[in-house]
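Start at 1 with the first residue, then count along the sequence. Just follow the structure's listing: the first ligand is 1, and inside any ligand the first atom is 1.
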Amino acid sequence: MSGFGGFAHFPQHAASSTDRTPFVPVRKHNLSMSPPSSPVPSVQPSRLTRSAAKAHLSSVPSSAPSPAPLGPSTAHNVPAPSLAPPIKLGRPASPAPTDLFTPSSPLPPPTTAPRIRAKLTPAASPRRKALPGAERADVPLAPAPPAFSPVKRAPPPVAVPPSSGFGAFGAFPKVAAAAASEDWEVGALRGGMAGLGLSSVVEGEDRERRIRRGGRDNVLVCVRVRPPAAKLAAAHQAVDEVAWDVDEANGRLVQYTGGPEYTFDSVVTGSRNEEVYNEVGRDLVGAAMEGYDAVIFAYGQTASGKTFVLSGNDHNPGIIPQAVSDIFTFIRDHPEKEFLLRASYLEIYNETLKDLLDPTAGPVKVRQDEKVGLHPPLACRDNPELNDLAYEQKRFFVHPLREEVVTSEAQVAALLARGAENRHVGQTDFNERSSRSHSVFQMTIESRDDPSSSSSSFISEPSTPRRMQTPNTPRLAPGTDGVVRMSKLSLIDLAGSEQATSQMERRSEGAFINKSLLTLEKVIASLTSEAKQKPHVPYRDSKLTQILQPSLSGDARVAVIATMNPSPAAIEETKSTLKFAQRVKKVVLKAVQHEVVDDKALITKYRSHIAMLEAQLKSTMATAADTPSQADLVADQSRQKKQAERVQDLERQVEEFRSLFLTSQNIEKRRLSALPPRPVSPMKMAHSASPSEMDETLQDQLLDAQDEISSLREERDALSARIAQLESERLSALQADASASSSDKDARILELTKENQELLVIAKNADVEGELRRQERKFERALEKHRVYQEGLEATLEQERKRVAQFERFILQHMVQQTDLLSGRRRSSVALSHSASVAGFQPLMAETADLNAISPDFVELDDLQFSKAGMETIKRSGSRLFG
Ligand SMILES: Nc1ncnc2c1ncn2[C@@H]1O[C@H](COP(=O)(O)OP(=O)(O)OP(=O)(O)O)[C@@H](O)[C@H]1O
């Protein structure tokens with residue numbers, strides 16, 4: 001099935017394709033299962049790589065007591081390591097950090113063995129506190145980077161290339177919040193590494209790892225140990241208490257309390273995402289650029305740092321921004337190729353797929369490819385036993401999904417920010433901004449030899465020349481005209497597994513999350529099963545595994561970043577993460593380079609569309625240059641006008657389509673100029689250029705444009721006059737020559753026609769009309785910008801006016817309240833003094849009341865029935881008053 005049915009209407013598609021194409025077009029999957037190769041780094045002492053330096057230093061004999069033997073190893077094929085002091089999580093960095101990786105470091109000479117390993121030392125005590133000078137003072141500190149600095153500090157700025165459009169990462173709601181979180185702890189040494197030429201060290205290490213992997217494509221696994229955080233610690237536990245002994249140099253972890261040792265391709269501590277990218281990202285991005293599908297996913301308990309490592313923040317970019325940056329660098333470094341990039345972003349929330357770039361569009365579905373059986377996957381060719389299983393697993397793909405053509409890093413950053421806005425996040429007991437969904441960011445990379453480039457040797461590493469071609473197409477040598485490499489780089493941020501959470505909504509989300517992660521575990525278990533009878537792989541049981549199926553079944557290069565929280569409170573979740581990571585490490589892949597020669601590739605479609613447009617352009621121009629018939633000169637002029645417009649339109653279309661292709665030449669230009677500036681708020685605009693300054697600039701531009709327009713108009717008028725003059729000359733010549741012989745007439749007509757044609761060509765080439773229109777458009781655009789700017793200003797002014805009015809109302813209310821209060825106070829003080837004076841007369845007043853009551857004016861004594869006591873009182877008062 002064609003993955004690009006939606007692109008039938010190219011012109012509409014243009015730079016920001018809104019077409020909905022399948023997630024994965026027809027591909028084969030290769031399934032291969034074999035015992036894992038557990039590569040052991042063979043570090044040559046003479047080479048000063050980062051790991052070599054660490055291992056080397058950690059192998060220096062110490063006076064430490066011999067460590068107790070390790071618990072049963074779960075690692076495969078790992079020869080017994082030699083002893084060395086452990087690198088402790090949370091230990092303070094006592095030696096000067098700079099000594100470690102600078103070539104001038106006075107490193108002690110290597111001991112004996114060419115292979116140097118560090119050994120983990122299980123502690124005798126159950127839990128170790130990672131506090132300076134804690135229990136393990138008996139063990140000399142390895143001069144390795146401290147995993148976590150107990151000091152909280154801001155991360156040192158990472159050199160983000162100026163091209164990076166990811167300054168906009170502040171727009172990632174989750175990441176932006178994370179940057180400001182309490183968790184910013186960065187190992188001091190780690191922070192300094194960038195300044196110590198880390199990149200060159202890493203290159204050496206990359207080479208080493210490639211050799212280590214020996215061309216076999218096991219899943220690459222890196223464990224990222226986050227710094228301890230207060231929120232993640234148990235109530236009874238110190239914040240920096242950790243449960244794991246980490247040997248970064250050899251990629252191993254073991255619990256302090258003993259237990260199995262876990263070995264991985266790498267273990268990285270601290271907060272620098274660059275290190276994780278160097279471990280797993282760089283290789284896979286390189287593979288994707290060379291035509292291999294590549295998948296990186298982060299797996300781990302909630303709040304263990306999956307989003308942190310994938311997205312990062314402005315100062316500490318994660319895997320995604322670094323990968324995007326590398327993609328554009330790769331294009332810049334390969335002038336012999338042209339590229340077309342597309343991006344999509346989706347999430348799986350409660351087992352429902354949502355297109356994060358087009359959230360209002362209808363439901364996104366996972367479908368299954370019907371045609372997969374046409375060609376046996378390579379793995380099946382190698383191993384016929386796998387045939388049944390491979391055929392049973394038809395390829396899953398997502399449809400419909402919005403894919404946008406991207407031409408700059410800034411565009412990708414904006415797209416990611418837009419998608420992240422639509423992602424489900426929520427507060428849980430463990431993470432303020434927890435991802436409640438799995439998210440899949442995908443870049444489709446198409447490339448082919450640039451026809452305009454002289455060199456076309458693209459294959460940089462032909463070590464694994466397996467290539468896959470789309471069905472029914474002959475195999476072509478790489479670089480052959482028409483062959484397009486097409487690959488997908490998928491970066492997946494899984495939602496975190498969680499034990500329990502107090503909120504109802506979070507609980508039901510958690511149930512979906514846990515179920516899909518459980519299915520993922522089952523899929524991995526089936527893929528790595530050593531049972532003779534190959535078990536059924538339950539891809540179908542969750543959307544996540546359906547989406548991952550093409551990669552996990554062997555068709556892609558896969559890397560997993562297992563994130564863990566070292567706190568003792570998280571020990572069970574961490575163990576299950578590590579077990580998962582070990583199992584996934586055993587999955588054997590046979591990634592193939594994807595080359596397509598039919599029109600599945602968008603690059604081919606666009607190129608043929610451009611060719612068609614160019615042909616149309618040519619024929620329109622040729623028609624425009626045709627001799628106008630003498631009979632209807634006026635009609636011909638309007639025809640020519642239309643044709644000129646058509647030519648312009650075609651030229652514009654060709655330009656638009658061409659602008660979608662990325663080459664080393666145009667990418668730099670695009671980076672510098674074509675990036676649409678981030679929208680600036682009217683307030684900011686007002687600060688950066690005062691209205692009068694703006695007016696002046698615009699005025700200048702307008703005047704320039706007007707000058708240009710009037711000079712072009714003059715030119716046009718002159719040409720038109722000349723044409724008219726020639727026409728009339730021609731007519732009169734024809735009349736004058738009426739008596740001439742017909743052959744003379746013919747010759748004369750021919751001559752005039754030629755002249756006319758030449759003039760038309762000149763006029764057309766000058767394209768005065770077109771230029772005029774272009775200038776007018778430019779002028780209109782400038783006006784439009786000005787108008788928008790003015791509108792913005794007016795809106796801001798209006799807002800300000802409202803705010804001032806609000807403020808005035810507030811002040812007024814305040815004054816009224818104050819006046820009320822003052823007068824109230826005055827009243828109450830008057831009342832108080834009044835009542836104070838009244839109090840002095842109280843007894844007399846009481847008597848007056850009594851008297852009033854018995855006043856002969858009001859009371860007829862005889863009418864009243866008084867008690868004896870009452871009569872007595874009356875009489876007493878009466879005699880006092882009236883004698
Ligand atoms: N290595 C690290 N260094 C410093 N802070 C970290 C690190 N890893 C994670 N954090 C911080 O921990 C918090 C949780 O991290 P994050 O959101 O990335 O976890 P998560 O695994 O994606 O969680 P969830 O599965 O719930 O989405 C964030 O505030 C983040 O900044």
Side-chain angles (χ1 to χ4, degrees), residues 89-90 146-156 158 169 172-187 190-191 222-233 239-240 242 246 248 267-277 279 297-320 347-349 420 423-439 491-501 503 506 509-510 512-514 516-517 544 560-567 570 573-574 577:
L89 229 162
F148 314 117
S149 157
V151 189
K152 290 197 179 191
R153 67 183 75 201
V158 169
F169 261 97
F172 279 63
K174 181 167 175 184
V175 179
S181 83
E182 51 157 345
D183 291 302
W184 266 114
E185 298 183 53
V186 182
R190 215 153 289 286
C222 167
V223 173
R224 168 57 163 305
V225 189
R226 59 155 298 158
K231 210 179 295 161
L232 304 171
V239 171
D240 51 2
V242 293
V246 179
E248 258 190 281
V267 176
V268 176
T269 59
S271 297
R272 306 304 314 153
N273 289 329
E274 192 186 11
E275 284 182 52
V276 186
Y277 182 72
E279 293 297 341
F297 64 87
Y299 178 99
Q301 186 201 353
T302 184
S304 55
K306 296 179 293 298
T307 308
F308 184 87
V309 75
L310 278 178
S311 300
N313 55 47
D314 286 351
H315 307 289
N316 186 13
I319 305 293
I320 296 178
E347 76 167 359
I348 310 168
Y349 175 68
R423 210 183 151 186
H424 282 92
V425 287
Q427 187 172 3
T428 65
D429 297 350
F430 313 98
N431 191 354
E432 264 172 40
R433 293 190 64 80
S434 173
S435 311
R436 311 310 296 158
S437 63
H438 308 302
S439 76
L491 302 164
I492 304 175
D493 183 2
L494 297 180
S497 58
E498 50 195 54
Q499 292 282 313
T501 180
Q503 296 147 276
R506 298 287 95 96
E509 286 166 348
F512 279 109
I513 294 169
N514 287 350
S516 61
L517 293 175
L544 173 66
V560 175
I561 304 166
T563 55
M564 61 170 266
N565 162 23
S567 160
E573 288 88 346
T574 303
T577 300

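Within the listing of ligand 1, atoms 1 (N) sit less than 4.0 angstrom from a heavy atom of Arg224. Here is the list of ligand 1 atoms found below 4.0 Å of a heavy atom in Thr307: 18 (O), 22 (O). Residue contact check: Lys306 has heavy atoms under 4.0 Å from atoms 18 (O), 19 (O), 20 (P), 21 (O), 22 (O), 23 (O), 24 (P), 25 (O) of ligand 1.
Look at Ser304 and you'll find a heavy atom under 4.0 Å from some atom of ligand 1. At least one heavy atom of Gly270 sits under 4.0 Å from some atom of ligand 1.
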Evaluate the criterion side-chain hydrogen bond (donor to acceptor under 3.5 Å, both in side chains) for residue pair Ser437 and Arg423; output intermediate values, then yes/no.
CA-CA 8 Å; Ser437 63; Arg423 210 183 151 186; 3.3 Å; yes

Assess whether side-chain hydrogen bond (donor to acceptor under 3.5 Å, both in side chains) is satisfied between Asp493 and Ser439, documenting all intermediate values.
CA-CA 5 Å; Asp493 183 2; Ser439 76; 4.6 Å; no

Chi angles and distances behind the side-chain contact (heavy atoms from CB on, under 4.5 Å) call for His438, Leu517:
CA-CA 10 Å; His438 308 302; Leu517 293 175; 4.1 Å; yes

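Between atom CG of residue Leu544 and atom CZ of residue Phe512 there is a gap of 14.0 Å, rounded to the nearest 0.5 Å. Here the SG-CD distance, from Cys222 to Glu275, works out to 9.5 Å after rounding to the nearest 0.5 Å.
Between Thr302 and ligand 1, a contact under 3.5 Å exists for at least one N or O pair. Ligand 1 has an N or O atom lying under 3.5 Å from an N or O atom of Arg226, backbone or side chain. Looking at ligand 1, you won't find any N or O of Leu494 less than 3.5 Å from one of its N or O atoms. For ligand 1, the polar-atom distance check finds an N/O of Ala303 within less than 3.5 Å of one of the ligand's N/O atoms.
A donor-acceptor pair under 3.5 Å is formed between the side chain of Thr574 and the backbone N or O of Asn565.
Each of Val267, Thr577, Thr269 was scored for a side chain to side chain contact (heavy atoms under 4.5 Å, CB included) with Val223, with one residue passing: Val267.
Contact annotation for Gln301 and ligand 1: only backbone heavy atoms (N, CA, C, O) come within less than 4.0 Å of the ligand.
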